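The structure appears right after this line, and notes come after that.
Just follow the structure's listing: the first ligand is 1, and inside any ligand the first atom is 1. Fair warning: this is a prediction, and the values are worked out from it, not measured in the lab.
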Amino acid sequence: MPEAAAIPIIDISAKGADQIQIAKSLVDAAVEYGFVYIKSRGLDLRIEQIQNAFDVSRKLFNSPLDEKARCKIQKNNQGWSGMHAETLDPKTQRVGDFKEGFNFGTFKDGKATQPIPSSIEPHQAELAAFRETCHNLCRKLLHLFGIGLEVNPPDFFTRAHSPTEPSGSILRFLYYPPPSATPDVRAGDVRAGAHSDYGSVTLLFRLRGQAGLEIRTPSGAWAPVPVCPPGTEDDAAPPVLVNIGDLLSYWTNGLLRSTVHRVAFSEQYQHPQQGENTDVGTEPESTADPRYSIVYFCHPADATPLDPVPSDRVACFGSGLAGANQGNPYAERKVLTAGEHLQMRLQASYLQLYGGEGKKESV
Ligand SMILES: O=C(O)CCC(=O)C(=O)O
Ligand SMILES: [Fe+2]
């Protein structure tokens with residue numbers, strides 16, 4: 001059984017805790033793993049709000065196909081993508097991801113600014129509030145990164161992530177059908193292909209018992225990322241998983257690591273003869289149930305120039321681009337603004353939507 005990744009768990013809202021110490025621990029986790037668990041205590045994000053978002057997600061994906069198709073994803077990266085429409089790792093995958101997704105852009109006055117299935121129309125205000133809370137949590141984390149990296153001024157990143165300016169930030173619902181409903185799966189197929197995220201920070205919400213996320217370790221092996229790592233099993237909700245995206249890695253000369261990850265079918269499904277519960281030790285996964293996850297991709301305002309981060313630690317990180325981002329060539333590219341950086345990445349993963357345009361950008 002592959003060993004689970006030893007990603008640190010940090011409580012950013014601990015009463016009386018030293019902010020500088022928390023900031024340094026966050027930076028250490030981002031440098032070493034590119035991933036960190038944030039303990040869910042209902043302070044930064046109410047647990048009912050997360051649960052409600054999953055309820056809305058179930059309603060959305062249970063909508064009739066034609067309702068979802070009416071909201072098909074557009075070049076602005078908003079809308080519904082059907083089964084196999086996205087291929088996160090086109091070089092390796094035989095077939096597109098075994099998932100459906102729905103990307104929400106901005107909301108205005110509690111209403112979506114894009115077509116949405118009628119089943120979730122009554123929930124727009126809740127979704128708007130959830131998206132806003134996610135963005136605020138990201139800005140809190142970005143402020144802590146500013147402190148931990150001794151960026152001058154420490155709100156350098158936070159300022160670049162103004163919630164009112166146009167940006168690529170997306171709230172995404174994901175639905176992975178039950179393995180029992182996808183008999184066309186072959187050995188080597190994955191639910192979501194290996195990729196790194198494009199933006200600055202990503203929040204990932206998962207449900208207990210719905211494993212499958214794996215990160216690529218520096219040795220090239222895949223390590224499972226448990227939903228409830230040791231010490232959080234009794235918490236009211238699983239911790240929020242946070243990871244660094246390519247843009248923040250690029251911006252910090254590769255000091256903060258953007259780690260490649262994927263969603264695999266459980267070992268139990270692929271090799272049932274090995275017995276039950278072989279995927280992540282404590283987290284048996286049902287092959288009869290769908291898997292749902294919710295992701296918030298936080299991006300700087302489109303117009304943000306990706307100028308060098310004013311931090312001695314970042315500036316001194318000489319070998320970063322060559323070392324920390326091996327296998328992550330986007331981090332080495334010279335791009336001008338956050339908006340341009342995002343466009344380059346989107347073209348590579350939605351080949352159908354962009355026709356041949358994307359192929360030259362894929363790596
Ligand atoms: O569903 C998951 O657990 C991960 C999804 C993911 O990595 C992504 O959408 O970028
Ligand atoms: Fe991802």
What I want to check is whether the side chains of Ser118 and Glu67 have a donor and an acceptor closer together than 3.5 Å.
yes
Using atom types as modelled and distance alone, determine if a side-chain donor or acceptor of Glu86 lies under 3.5 Å from a backbone N or O of Ser81.
no
For Arg191, state whether at least one heavy atom is located under 4.0 Å from any atom of ligand 1.
no
Does NZ or CZ of Arg291 lie under 6.0 Å from the centre of the six-membered ring of Tyr176, at an angle within 45° of the ring axis?
yes
Thr202, portion touching ligand 1 at heavy-atom distance under 4.0 Å
neither
I need the NE2(His195)-the Fe ion (ligand 2)-OD1(Asp197) angle, rounded to 10 degrees.
90°
Hey, what's the ring geometry for His161 with Trp251, parallel, tilted or perpendicular (30° and 60° as the breaks)?
tilted
A quick test of your reading: do over 12 heavy atoms of other residues, nucleotides or ligands sit less than 6.0 Å from CG of Leu43?
yes
Can you sort out which atoms of ligand 1 are near Phe297, meaning under 4.0 Å from one of its heavy atoms?
8 (C), 9 (O), 10 (O)
Within 6.0 angstrom of Asp312 CG, more than 12 heavy atoms from elsewhere
no
In this structure, atom 4 (C) of ligand 1 is nearest to the protein heavy atom Val263 CG2, 3.7 Å
Against Phe205, only a single residue in Phe54, Tyr292, Phe130 fulfils ring-ring contact (aromatic ring centres under 6.0 Å, His included); can you say which?
Phe130
Any idea which atoms of ligand 1 are less than 4.0 Å away from a heavy-atom of Leu174?
1 (O), 5 (C), 9 (O)
For Ser293, counting its heavy atoms only, list the atoms of ligand 1 lying under 4.0 Å from any of them.
1 (O), 2 (C)
Under 4.0 Å, heavy atoms only, figure out whether ligand 1 is touched by the backbone of Leu88, its side chain, both or neither.
neither
Going by heavy-atom distance to atom 6 (C) of ligand 1, choose the closest among His195, Lys99, Gln210, Arg206.
His195
Minimum distance, heavy atoms only, to atom 7 (O) of ligand 1: which one of His261, Glu214, Arg291 is it?
His261
